[in-house]
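Reminder, nothing fancy here: chain letters follow the sequence lines and each chain counts from 1.
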Protein chains: 2
Amino acid sequence: MSIRNPKQALYEQFAIVAKALGHPLRLELIEHIAQGARSVEALAAKLEQPVANISQHLQALRRAGIVSADRDGKFVHYSLADASVLSAFAAVRGVAERQLAEVDRIVRGYFDALDDMRPVTREELQTLMRDGLVTLIDVRPADEFALGHVPGAINVPLGEVKAWSADATVGREIVAYCRGPWCVMSFEAVAALRSLGHAARRLEDGMPEWQAAGLPVEAVADIAAD
Amino acid sequence: MSIRNPKQALYEQFAIVAKALGHPLRLELIEHIAQGARSVEALAAKLEQPVANISQHLQALRRAGIVSADRDGKFVHYSLADASVLSAFAAVRGVAERQLAEVDRIVRGYFDALDDMRPVTREELQTLMRDGLVTLIDVRPADEFALGHVPGAINVPLGEVKAWSADATVGREIVAYCRGPWCVMSFEAVAALRSLGHAARRLEDGMPEWQAAGLPVEAVADIAAD
DNA sequence: CCGTCATTCAATTATTCCATTGAATGACGG
DNA sequence: CCGTCATTCAATGGAATAATTGAATGACGG
């Protein structure tokens, strides 16, 4: 009864993958792992969850072939098994975006009226950077910045945006980015900067998508994840 | 406790979509619905499941924004809510294909050595059809054929392939297609035709993908789904 | 070889999900 | 307005999943 016919067995395999994506914590894990390889405890800290719980979710993801684990000393680093995982994540997000009014409601409720917060495209940003017209800030924590960031970006973790902006030239546009299209940090950074009178926009998506688009990434070699 | 912060609420919405994809029956439902709008009882018959069970799974899909329901008299016709659903399905399938050795094993075990079963691409087929070089058969049941098929295709339901092929010209290549990339019917049709000495290949993917690629679809207006 | 530390395993409870059953709804046809 | 039929609802029992706890592995450093 477990396998009635090969067709159903295939659907069962597909269902395993989808089921593995069917938990908020695991989706959040994927978004973090998409930034680069992470250890269990680093992920547990980011998600503010017990290590054992995260370990089990990671194993669920591994069983589904979504992430892969590499042992390095006493640490186990998890990374995405394949770029196809990002597109599956994006596709699920796409369905949710298009179909669920709930998502709209949440986004709007949280970010007030952000109609004029049209993001900067990657192409646009490259032109603006080449011409020196904008300041690009990476509002992720320092450890994530160190593991890879857009060339030319300055690391300004979200908590330091306000202080940093005091020294920024008013009038010069600021572009902020963070982990991905649904990472709230760049939204918050832009909102804060605007309330202080700066011209600020978000970069579309975030770091993993930048990398996935085949664009160059810069890393800081001698800073370890904390 | 239900909604801790907006970010988590978003992940929860994404998880709802993924979870809805996380069941073999629901995936099979999606594949059928992707062919065109279907009633509950028609789907229940295809999947050989009790109507109530199918109804509940359909409602789960509807809650996730994956399918939409339209009442027509005493029938309720379900259809895909959006083309993005197909890409989510494909993305999940992509992860499973790339990552799960299990899938490989199942496919290989069932279809023997089908290394030389390279499918015909849609572009290739259009050329072959224009030049009149191949016979195209649609091996889906007649009701699905009626609702939309590739122009020029002949409907030869799987069970009739053997009988039909007796009248087919030996030497003329036959191309078969069915519901989609994991629909086993076209595999079986090709295997049967080859064992009878015909040259036969599969079309890549199937009907919904053909339609999604923007290619023309022909319908038989006066045949209703049974 | 022993202590430490990151990770995993095992066992528990609470929760959610799934299939089935039988009854309820809602629309058509007479 | 009543019977019929497609669909949905409500309730049940059984299975799978999730979070927690505490113990077990496995590798490094002395």
In terms of ring plane angle, is the pair A/F89 and B/Y11 parallel, tilted or perpendicular, where the classes change at 30° and 60°?
-> perpendicular
Whole-Å gap separating C1' (C/dT8) and CZ (A/R63) = 12 Å
Do A/Y177 and A/R202 come close enough that some side-chain heavy atom pair is under 4.5 Å?
-> no
Are A/R179 and A/E144 within salt-bridge range, i.e. N to O under 4.0 Å?
-> yes
Results of salt bridge (charged side-chain N to carboxylate O under 4.0 Å, His left out) for A/R26 - residues two or more places apart only = none
Of all the nucleotides listed (C/dT8, D/dA19, D/dT7), which has the minimum atom distance to the side chain of A/V76?
-> C/dT8
Phosphate oxygens OP1/OP2 of C/dA6: is one of them under 4.0 Å from a side-chain N or O of A/Y78?
-> no
Could you state the CZ-P distance from A/F75 to D/dG29, rounded to the nearest angstrom?
-> 11 Å
In terms of side-chain heavy atoms of A/A52, which of C/dT7, D/dT21, C/dT20 is nearest?
-> D/dT21
Taking the side chain of B/R26 as heavy atoms from C-beta outward, which of C/dC18, C/dT7, C/dA11 is closest to it?
-> C/dC18
Just how far, in rounded Å, is P of D/dT17 from CG of A/L25?
-> 16 Å
What is the distance from CD of A/E41 to C1' of C/dC5, rounded to the nearest Å?
-> 9 Å
Rounded to whole Å, CZ of A/R71 lies from P of D/dG26 at a distance of 8 Å
When you check the phosphate oxygens OP1 and OP2 of D/dT7, does a side-chain N or O of B/H77 lie under 4.0 Å from one of them?
-> no
Which nucleotide in the list D/dA18, C/dA10, C/dT8 gets nearest to the side chain of A/H23?
-> D/dA18
Give the rounded distance in Å between these two atoms: CD1 of A/I54 and P of C/dC9.
-> 16 Å
Salt bridge A/K19-A/E12, side-chain N to carboxylate O under 4.0 Å | no
Report yes if a side-chain nitrogen or oxygen of B/S55 is closer than 4.0 Å to either non-bridging phosphate oxygen (OP1 or OP2) of D/dT8; otherwise report no.
-> yes
Nearest whole angstrom, please: distance from the P of D/dT17 to the CG of A/L61.
-> 14 Å
Under 4.5 Å between any side-chain heavy atoms of A/V217 and A/H149, yes or no?
-> no
Which residue, A/Q56 or A/G73, contacts DNA chain D at a nucleotide closer to its 5' end, judged by nearest heavy atom?
-> A/Q56
Any side-chain heavy atom of A/L61 within less than 4.5 Å of one from A/I30?
-> yes
Distance check: side-chain N/O of A/Q59 vs OP1/OP2 of C/dC9, anything under 4.0 Å?
-> yes
Can you give the dot-bracket line for DNA chain C, where a pair is Watson-Crick or G-U wobble with both atom distances under 3.5 Å, crossing pairs use [ ], and | marks a partner on another strand?
-> ||||||||||||||||||||||||||||||
Give the nucleotide from the list C/dT8, D/dC5, C/dC5 with an atom nearest to the side chain of A/K74.
-> C/dC5
D/dA6, C/dT8, D/dA18: which one has an atom nearest the side-chain heavy atoms of A/H57?
-> D/dA18
Separation of atom CD1 in A/I16 from atom P in D/dA16, rounded to whole Å = 13 Å
So CZ of B/R140 and CZ of B/F145: to nearest 0.5 Å the spacing works out to 8.0 Å
